[in-house]
Amino acid sequence: MAPQGSRAPLEFGGPLGAAALMLLLPATMFHLLLVARSGPARLLGLPPYLPGPEALWSPWALLLWLTWLGLQAAFYLLPARKMAEGQELKDKTRLRYPINGNPIYDFFLGRELNPRICSFDCKYFCELRPGLIGWVLINLALLVQEAELRGSPSLAMWLVNGFQLLYVGDALWYEEAVLTTMDITHDGFGFMLAFGDLAWVPFTYSLQAQFLLYHPQPLELSMASVICLINAVGYCIFRGANSQKNTFRKNPSDPRVAGLETISTATGRQLLVSGWWGMVRHPNYLGDLIMALAWSLPCGVSHLLPYFYLLYFTALLVHREARDEQQCLQKYGLAWREYCRRVPYRIVPYIY
Ligand code: NDP
């Protein structure tokens with residue numbers, strides 16, 4: 001933890017990086033969506049013309065979006081739901097809210113860690129519900145549109161829909177696990193998470209399905225089976241690693257994790273050094289990346305565009321891993337260095 005009076009180091013390149021990202025992210029999203037609809041679908045080509053305001057602005061779209069948010073908010077507020085405790089905040093004092101913030105940086109990262117209106121937690125609500133479920137709905141709409149256009153949805157479209165539905169279903173099934181993620185415990189609710197959850201995820205994560213609608217790809221059954229296998233391997237690593245850590249953090253004596261080797265830290269918490277977390281320091285990221293590859297492969301290899309998610313996600317996870325590493329080093333000090341010595345690879349064994 002930073003000593004009193006000192007400020008935590010700035011992330012994302014500070015205010016300049018934050019300002020650049022706030023311009024680049026929406027621009028990239030528009031670029032990707034327009035390119036996916038264009039004939040050549042060239043990821044690195046010149047951006048197609050932005051449609052006029054009449055094509056960009058529709059009161060119906062706004063109404064639909066507000067209805068979607070309202071519906072999700074109503075579900076979120078339903079009294080019949082399981083309540084779970086989040087992690088206790090380390091710093092309950094005003095030190096978390098230094099007065100001399102940079103407005104651009106603060107707007108990007110968000111100053112408020114857990115903004116709430118009564119019991120309505122704005123950040124937690126946005127993390128999984130409107131955007132993630134919206135992504136599945138957009139995928140489904142594209143599948144239906146393909147069926148209308150070509151008589152039936154293509155095998156590639158089925159695979160992309162199935163894989164991503166599994167991913168979103170998994171996130172919702174294990175919803176409680178989101179409470180220990182960096183987004184909830186460390187990042188404020190600013191542009192990064194609000195735009196990321198509500199716009200970036202539903203519209204750019206559905207890029208493969210959008211691409212397939214405008215650029216149908218033939219897919220052999222044998223190739224489809226290989227792709228399913230890749231997705232299954234990725235999912236097993238992703239789910240195995242996340243569940244192992246969650247089980248261990250909840251109850252280290254749980255028989256499923258009690259036999260694993262650990263390192264003790266000065267905080268009283270332990271770090272796993274065998275099982276999935278003994279293979280690399282972020283096995284869950286590895287599984288996620290393997291799945292990202294499986295989502296792009298049904299789109300063939302003629303275009304780079306459907307691989308945008310894989311490229312972007314690799315960059316995101318490499319950066320996220322570095323941030324997490326820094327935070328773990330601050331939290332666990334020497335014990336974290338010992339973990340890095342015993343588990344030298346970050347995400348990909350023997351490579352990175
Ligand atoms: P992680 O689930 O990877 O959690 C990191 C934390 O785990 C560390 O801060 C530390 O916290 C704990 N930890 C690290 N090493 C060990 C160890 N050896 N033993 C025990 N605990 C350890 O964090 P993320 O929030 O980054 O990722 C969660 C999931 O979400 C991942 O599967 C990721 O792939 C996915 N994700 C998906 C995104 C998407 O857009 N699709 C975006 C971002 C993430 P502590 O010690 O305090 O418990």
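As the structure lists them, so they are numbered: ligands from 1, and atoms in each ligand from 1. Predicted model, so just to flag it, every value in this text is computed and none were measured.
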Inset, instruction - Nearest heavy atom to atom 15 (N) of ligand 1 wins, so pick from Trp277, Tyr174, Phe248, Phe313. - result: Trp277
Inset, instruction - Go through the structure and list residues passing side-chain contact (heavy atoms from CB on, under 4.5 Å) with Ala224, not counting sequence neighbours. - result: Leu155, Leu159, Leu219
Inset, instruction - Between Val343 and ligand 1, find which residue part has any heavy-atom pair under 4.0 Å and reply side chain, backbone, both or neither. - result: neither
Inset, instruction - Measure Tyr309 to ligand 1 on non-hydrogen atoms and call it side chain, backbone, both or neither using the 4.0 Å cut-off. - result: side chain
Legend entry - Linked, directly or transitively: Leu207 and Leu316 (ILVMFWY side chains, under 4.5 Å): yes
Inset, instruction - Please could you name the atoms of ligand 1 that Tyr339 approaches to less than 4.0 Å, counting only its heavy atoms? - result: 18 (N)
Inset, instruction - Enumerate the atoms of ligand 1 whose separation from the nearest heavy atom of Met182 is less than 4.0 angstrom. - result: 25 (O)
Inset, instruction - Using distance alone, determine whether Tyr312 and ligand 1 share an N or O pair under 3.5 Å. - result: no
Inset, instruction - Heavy-atom distances under 4.0 Å are what count here, so tell me which part of Asp288 touches ligand 1: side chain, backbone, both or neither. - result: side chain
Inset, instruction - Under 4.0 Å, heavy atoms only, figure out whether ligand 1 is touched by the backbone of Tyr167, its side chain, both or neither. - result: side chain
Legend entry - Donor on one side chain, acceptor on other, Tyr174 and Asn246, under 3.5 Å: no
Legend entry - Set of ring-ring contact (aromatic ring centres under 6.0 Å, His included) partners for Phe211, sequence neighbours left out: His215, His303
Inset, instruction - Measure Ala177 to ligand 1 on non-hydrogen atoms and call it side chain, backbone, both or neither using the 4.0 Å cut-off. - result: neither
Inset, instruction - Please determine, by modelled atom types, if Tyr205 and Asn139 share a side-chain donor-acceptor pair under 3.5 angstrom. - result: no
Inset, instruction - Hey, can you tell me if Trp277 and His282 have their rings parallel, tilted or perpendicular (30° and 60° cut-offs)? - result: perpendicular
Legend entry - Under 3.5 Å: N/O of Arg320 near N/O of ligand 1: yes
Legend entry - Smallest separation among heavy atoms of Val280 and Tyr339, with atom names: O-OH, 3.9 Å
Legend entry - Polar side chain donor-acceptor pair, Ser154 to Glu146, under 3.5 angstrom: yes
Inset, instruction - With heavy atoms only and a cut-off of under 4.0 Å, state how Gln327 meets ligand 1: side chain, backbone, both or neither. - result: neither
Legend entry - Side chain proximity check, Met22 to Ile104, heavy atoms < 4.5 angstrom: yes
Inset, instruction - Report, in ascending order of atom number, the atoms of ligand 1 lying under 4.0 Å from any heavy atom of Tyr205. - result: 39 (C), 40 (O), 41 (N)
Inset, instruction - Take the angle between the ring planes of Phe120 and Phe125 and call it parallel below 30°, perpendicular above 60°, tilted in between. - result: tilted
Inset, instruction - Any atoms of ligand 1 less than 4.0 Å from a non-hydrogen atom of Cys328? List them with their elements. - result: 8 (C), 9 (O), 10 (C)
Legend entry - Distance filter under 4.0 Å to Tyr332 heavy atoms, resulting ligand 1 atoms: 45 (P), 46 (O), 47 (O)
Inset, instruction - Under 4.0 Å from a heavy atom of Phe238: give me the atoms of ligand 1 that qualify, with their elements. - result: 32 (O)
Inset, instruction - List every atom of ligand 1 that sits less than 4.0 Å from any heavy atom of Lys331, numbering the atoms from 1 in the order shown and giving each element. - result: 9 (O), 11 (O), 45 (P), 46 (O), 47 (O)
Inset, instruction - Say whether Glu321 and ligand 1 are in contact under the criterion: heavy-atom distance to a ligand atom below 4.0 Å. - result: no
Legend entry - Heavy-atom nearest neighbour of atom 28 (C) of ligand 1 within options Thr181, Val280, Asp197: Thr181
Legend entry - Cluster link Val301 to Leu43, ILVMFWY, side chain under 4.5 Å: yes
